[in-house]
Amino acid sequence: MTKEEELRFVNGAFEALVRRGAATQNMFTPSSVTDQDIDVFEKRFDIKLPSLFRTYLTSYCYDFSVICAPIPLDGVECAAENCEKGLWWIELLALPKENPLKNLYGLMESFREVCTNEELIGLDLRSVSKLVPIGDWDGMLCIDLSDGTLCSFGQTEFDWEQAGYLDKNKIAHGIRRMGSFQELLELYFYGKYDMEYEKQIVRNHEEKPDYSAYIQR
């Protein structure tokens, strides 16, 4: 995407939350995060964030952190229209109006501290240097900067080699959850599977979902 395309996509994602009835316009405000702020963050942790994620950080501030959406129960890569969908909650990085990047700093610092603590996971920083934690999906949800995918790590899993989280070079990649941050926005903001889920509900004679409950602080 070009920068203009990224801006349209991110703005459209927040507009979609309102259009779907999951959020109200007053739940987010224009972000005070600047490109310079993100440059400082990247320099602090010696990383380079994906362009779309940078655009996301500089677009809006919001206090909510828990978001729900229907996804394929066989995994988000299941493309079949008739595959079973179910509601799945994620905890996403909140970007409060006051000091919006404080949570991202906190997640990065605590994640690296836990991963390199000899009494916990005990990895070298090199093993996790390309991971950026952004929330929780059945464990810590991270952007894997090596390929832009989103992966997770079980919070009660401390032997990452046995869990299969490490490659042959001892670099952590976790369990792949989504192909990109763009896919997360498509699923949880744009509601990619809303229509299919509603059709499934009609077939099963269930109640229509209450989209106003899809976001919680």
Is Glu161 atom CD crowded by more than 12 heavy atoms from other residues, nucleotides or ligands, each under 6.0 Å away? no
CZ of Arg20 to OH of Tyr211, rounded to nearest 0.5 Å, is 6.5 Å
Minimum heavy-atom separation for Ala13 to Tyr190, with atom names? N-OH, 3.2 Å
Given Ile201 and Glu207, is the side-chain contact (heavy atoms from CB on, under 4.5 Å) satisfied, shown in steps? CA-CA 7 Å; Ile201 284 176; Glu207 292 185 6; 5.9 Å; no
Heavy-atom side-chain proximity of Tyr56 to Phe9 below 4.5 angstrom: no
Using a 3.5 Å cut-off and no angle test, enumerate the donor-acceptor pairs between side-chain atoms of residues 89-104 and protein atoms at least two apart in sequence or in another chain.
unit_1 : atom_1 : unit_2 : atom_2 : d
Asn103 : ND2    : Ala94  : O      : 2.9

Do Leu120 and Glu113 have side chains that approach each other closer than 4.5 Å (heavy atoms only, starting at C-beta)? no
In the structure I gave you, are the side-chain heavy atoms of Ser51 and Glu6 within less than 4.5 Å of one another anywhere? yes
Closest heavy-atom pair and its distance - Pro72, Cys83: CB-SG, 3.8 Å
When rounded to the nearest 0.5 Å, the distance separating NZ of Lys208 from CG of Asp210 is 10.0 Å
Side chains of Glu186 and Gln182: is there a donor and an acceptor less than 3.5 Å apart? yes
Establish whether Leu87 and Tyr188 are linked, either directly or via other cluster members, by ILVMFWY side-chain heavy-atom contacts under 4.5 Å. no
Are side-chain heavy atoms of Glu109 and Arg44 found at a separation under 4.5 Å? yes
Transitively linked via ILVMFWY side-chain contacts under 4.5 Å: Phe53 with Val40? yes
Only pairs under 3.5 Å count here: list side-chain donor-acceptor contacts from residues 121-128, not counting sequence neighbours, and write none if there are none.
unit_1 : atom_1 : unit_2 : atom_2 : d
Arg126 : NH1    : Asn169 : O      : 3.4
Arg126 : NH2    : Asn169 : O      : 3.1
Ser127 : OG     : Lys170 : O      : 2.7

Side-chain heavy atoms of Asn11 within contact of Tyr60, under 4.5 Å: yes
Between atom CE of Met178 and atom CD1 of Ile143, what is the distance when rounded to the nearest 0.5 Å? 10.0 Å
Minimal non-hydrogen separation, Val132 against Met108, with atom names: CA-SD, 3.8 Å
Ile38 vs Leu57, side-chain contact (heavy atoms from CB on, under 4.5 Å): CA-CA, chis, key distance, verdict: CA-CA 8 Å; Ile38 299 176; Leu57 294 174; 4.0 Å; yes
Would you check if Leu145 and Leu131 make a side-chain contact, meaning some heavy-atom pair closer than 4.5 Å? no
If you measure from CG on Asp63 to CD1 on Ile215, what distance do you get to the nearest 0.5 Å? 12.0 Å
In Å, rounded to the nearest 0.5 Å, how long is the span from CG of Leu141 to SG of Cys151? 7.5 Å
Do Phe111 and Ile171 share a hydrophobic cluster, counting only Ile, Leu, Val, Met, Phe, Trp and Tyr and linking them when any side-chain heavy atoms are less than 4.5 Å apart? no
Test side-chain contact (heavy atoms from CB on, under 4.5 Å) on Glu183 and Leu150; report intermediate values, then the result. CA-CA 9 Å; Glu183 186 170 13; Leu150 271 60; over 6 Å; no
Between Phe45 and Tyr105, what is the ring plane arrangement, given parallel below 30°, perpendicular above 60°, and tilted in between? tilted
Would you say Leu7 and Val10 are hydrophobically clustered, going by side-chain heavy atoms of ILVMFWY under 4.5 Å? no
Parallel, tilted or perpendicular, as decided by the 30° and 60° cut-offs, for the rings of Phe189 and Phe14: perpendicular
Any chain of hydrophobic side-chain contacts (each under 4.5 Å) joining Ile175 to Val114? yes
Quick check for you: to the nearest 0.5 Å, what is the distance between Cys115 atom SG and Asn117 atom CG? 10.0 Å
Run the side-chain contact (heavy atoms from CB on, under 4.5 Å) test on Ile67 and Tyr214 for me, step by step, so that the C-alpha distance in whole Å, both residues' side-chain angles and the decisive distance to 0.1 Å come before the verdict. CA-CA 6 Å; Ile67 306 180; Tyr214 274 25; 5.6 Å; no
For Ala172 versus Phe153, what's the shortest heavy-atom pair and its separation? CB-CE2, 4.0 Å
Any side-chain heavy-atom pair from Lys85 and Ile71 closer than 4.5 angstrom? no
May I ask you to decide if the ring planes of Phe28 and Phe64 are parallel, tilted or perpendicular, using 30° and 60° as cut-offs? perpendicular
Quick check: are there more than 12 heavy atoms from other residues, nucleotides or ligands sitting under 6.0 Å from CE of Met1? yes
Restricting to pairs with a member in residues 133-159, which pass side chain to side chain donor-acceptor pair (under 3.5 Å), not counting sequence neighbours? Asp136-Gln155, Asp144-Ser146, Asp144-His173, Asp147-Thr149, Ser152-Arg177
Side chains of Leu187 and Trp88: closer than 4.5 Å at any heavy-atom pair? no
With the threshold set at 4.0 Å, does a side-chain nitrogen-carboxylate oxygen contact exist between Asp39 and Arg54? yes
Give me the atom names and distance for the closest heavy-atom approach of Ser32 to Asp37. O-OD2, 3.8 Å
Is the CD atom of Glu119 crowded by more than 12 outside heavy atoms at less than 6.0 Å? no
